[in-house]
Amino acid sequence: MLQFGNLLAHFHLPHKAYERAQKQSLKQLPTLPDFLQHVVKLTGLRKEDVYCNLRVPDQLQTAKDDINMVVLTGHGIYCMDVKPWSGTVCAHNQNWHVEVKEEDQNFTNTRIEQVEDPLKAVMRKTAQLCSHLKRSGVPIRSSLFFPRVMFLSPDCKLDEELMKRRELVPYGQTDEFLRSFREGYMGWISDALTPSWISGHLSYRQMESVRGILRKMGTWDVVLLHGGEQLKGDYQGCQYIALDRQDTETLEFSRVNILSAESLWALLGHVPQVKVKMYKRGPHGWLGTSLNATATIPSNTFVIFRVSGEEADAKIPANIIHSITLSI
């Protein structure tokens, strides 16, 4: 089982070697939530038609690869992965190569990183989403699914061959691509009211059915630490906490104050306590989210969490957790 000391190393440095090497440049790039707001602003689409980090089950309902962003329009369903890469990118056999230059005061070092072909990956996940909708009773033609890979860094350069692929959206074309959704929006509304066998696009009824399926698809659980770090993965449980995931959306952990009476008692061998508030899943009311249950647990209790990309569970002390958001 992964101990928390190792966990921070795995969180700060993403598990893919190339992304691990570029942690400094990531700080200057937008986060996925920030990019989502940018997408909604430029496209003019409703927030309920833009979904983040949807985990798509395969035919055996086992593998759950996540798609960074799914955009539903009358024209079709766009499945988009976003990459924060920097460097010169080219395709090489079954993988891609990223040439990264590291400049120092005295020399320049060039490194070539080998990464998984992101286009093949998003096309595979797009096909899985198409199959999942069909198994759920909402068959949509595969021609109405559009896989895309978007590159968020101005320092990422695609080679000439990759620039020819319409599925790839380099940094310089991102805003133009997003504005194209707005330009065709009125036409998509018209198509939505026209039978799909006439327009060749999604009808209003089909769009509503797709929304219903997408809303039920899970994302990742998220642990927010008191230091501001976020961990994405699957919440496995906690010894002293019993909850119904379908009914509980957020767990909020109190913080142990260093100068509190609890911490002073700890000097005498007493274990400080952490209060956990569990809030109901669903829309927020005027007074905020409804409290579902509370629990008081020892601060040295471990929360078991499987970080995305890891093969072992991590043990996270309750006293460093701010909150846990549970997916469906």
CD of E48: more than 12 outside heavy atoms within 6.0 angstrom?
-> yes

Are I320 and I241 in one and the same hydrophobic cluster, where Ile, Leu, Val, Met, Phe, Trp and Tyr link if side-chain heavy atoms are under 4.5 Å apart?
-> yes

Output, in order, the C-alpha distance, side-chain angles, deciding distance and verdict of side chain to side chain contact (heavy atoms under 4.5 Å, CB included) for Q94 and D117.
-> CA-CA 7 Å; Q94 300 300 315; D117 184 335; over 6 Å; no

Any donor and acceptor pair, going by atom type alone, linking the side chain of R281 with main-chain N or O of L326 inside 3.5 Å?
-> yes

Considering only heavy atoms from C-beta outward, does the side chain of L129 approach that of L54 to under 4.5 Å?
-> no

Any idea which heavy atoms bring K315 and P317 closest together, and the distance?
-> O-CD, 3.8 Å

Rounding to 0.5 Å, atoms OG1 (T174) and CG (L152) come to a distance of 6.5 Å

Quick one: hydrophobic cluster around L224, which other residues, with the 4.5 Å side-chain cut-off, linked directly or via members?
-> none

With V169, the side-chain contact (heavy atoms from CB on, under 4.5 Å) member among M80, R148, E176 = R148

Walk me through it: do R306 and D313 pass the test salt bridge (charged side-chain N to carboxylate O under 4.0 Å, His left out)?
-> CA-CA 4 Å; R306 176 67 63 89; D313 291 337; 2.7 Å; yes

Side chain to side chain contact (heavy atoms under 4.5 Å, CB included) between M207 and R211, worked out = CA-CA 6 Å; M207 292 181 66; R211 288 189 188 101; 3.5 Å; yes

Check I324 against V303 and note the closest heavy-atom contact, atom names and distance.
-> CD1-CG1, 4.0 Å

Check: F302 and Q239 side chains under 4.5 Å, non-hydrogen atoms = no

Report the C-alpha distance between K280 and D247 in whole Å, list the side-chain angles of each, state the deciding distance to 0.1 Å, and finish with yes or no for salt bridge (charged side-chain N to carboxylate O under 4.0 Å, His left out).
-> CA-CA 6 Å; K280 290 184 178 180; D247 194 42; 5.8 Å; no

Minimum heavy-atom distance between C79 and T126, given as atom pair plus value | CB-OG1, 3.2 Å

Is Y279 linked to L251 within one hydrophobic cluster, defined over Ile, Leu, Val, Met, Phe, Trp and Tyr using a side-chain heavy-atom separation of less than 4.5 Å?
-> no

Once you round to the nearest 0.5 Å, how far does CG of L243 lie from CD of E249?
-> 12.5 Å

Check step by step if salt bridge (charged side-chain N to carboxylate O under 4.0 Å, His left out) holds for E208 and R205.
-> CA-CA 5 Å; E208 278 299 306; R205 182 176 181 179; over 6 Å; no

Distance col, row L158:CG vs C90:SG, nearest 0.5 angstrom, shows 10.0 Å

Backbone N or O of I321 within a donor-acceptor pair of the H226 side chain at under 3.5 Å?
-> yes

Between the side chain of K101 and the main-chain N/O of G87, is any donor-acceptor distance below 3.5 Å?
-> no

With side chains defined as the heavy atoms from C-beta onward, is the minimum distance between Y240 and V276 less than 4.5 Å?
-> no

Which heavy atom in L133 sits nearest to a heavy atom in I140, and how many Å separate them?
-> CD1-CG1, 4.4 Å

Nearest heavy atoms of V149 and P118, plus distance in Å | CG2-O, 3.8 Å

Determine the minimum heavy-atom distance between E116 and N95, stating which atoms define it.
-> CA-OD1, 4.1 Å

Would a distance-only check, ignoring hydrogens and angles, find a side-chain to backbone donor-acceptor pair under 3.5 Å from S136 to V138?
-> no

I67/M217 under side chain to side chain contact (heavy atoms under 4.5 Å, CB included): CA gap, chis, key distance, verdict = CA-CA 11 Å; I67 303 175; M217 292 175 61; over 6 Å; no

Are Y235 and V222 co-members of a hydrophobic cluster defined by side-chain heavy atoms under 4.5 Å apart?
-> no

Does the side chain of T301 come within less than 4.5 Å of C238's, by heavy atoms?
-> yes

What distance separates T88 OG1 from H97 NE2, expressed to the nearest 0.5 Å?
-> 13.5 Å

Can you measure from OG1 (T43) to CZ (F177) and round to the nearest 0.5 angstrom?
-> 10.0 Å

Is there a path of hydrophobic side-chain contacts, each under 4.5 Å between heavy atoms of I, L, V, M, F, W or Y residues, that connects M163 with V115?
-> yes

So do the side chains of M69 and M150 get within less than 4.5 Å of each other, counting heavy atoms only?
-> no

Any side-chain heavy-atom pair from N53 and N68 closer than 4.5 angstrom?
-> yes

Out of curiosity, E99 CD to S86 OG, how far, rounded to the nearest 0.5 Å?
-> 13.0 Å

Are R245 and S327 close enough that some pair of their side-chain heavy atoms sits under 4.5 Å apart?
-> yes

Scan side-chain atoms only and decide if D175 and H38 contain a donor-acceptor pair under the 3.5 Å cut-off.
-> yes

Verdict with supporting geometry, D66 and K232, side chain to side chain contact (heavy atoms under 4.5 Å, CB included) = CA-CA 12 Å; D66 66 308; K232 181 179 70 173; 4.1 Å; yes

Using the six-membered ring wherever Trp is involved, compare the ring planes of H75 and F146 and label them parallel, tilted or perpendicular (cut-offs 30° and 60°).
-> parallel

Do the non-hydrogen side-chain atoms of V70 and I77 ever get within less than 4.5 Å of each other?
-> yes

Single hit among D159, V98, L168 for side-chain contact (heavy atoms from CB on, under 4.5 Å) with V89 | V98

Are the aromatic rings of Y171 and F151 close, with centres under 6.0 Å apart?
-> no

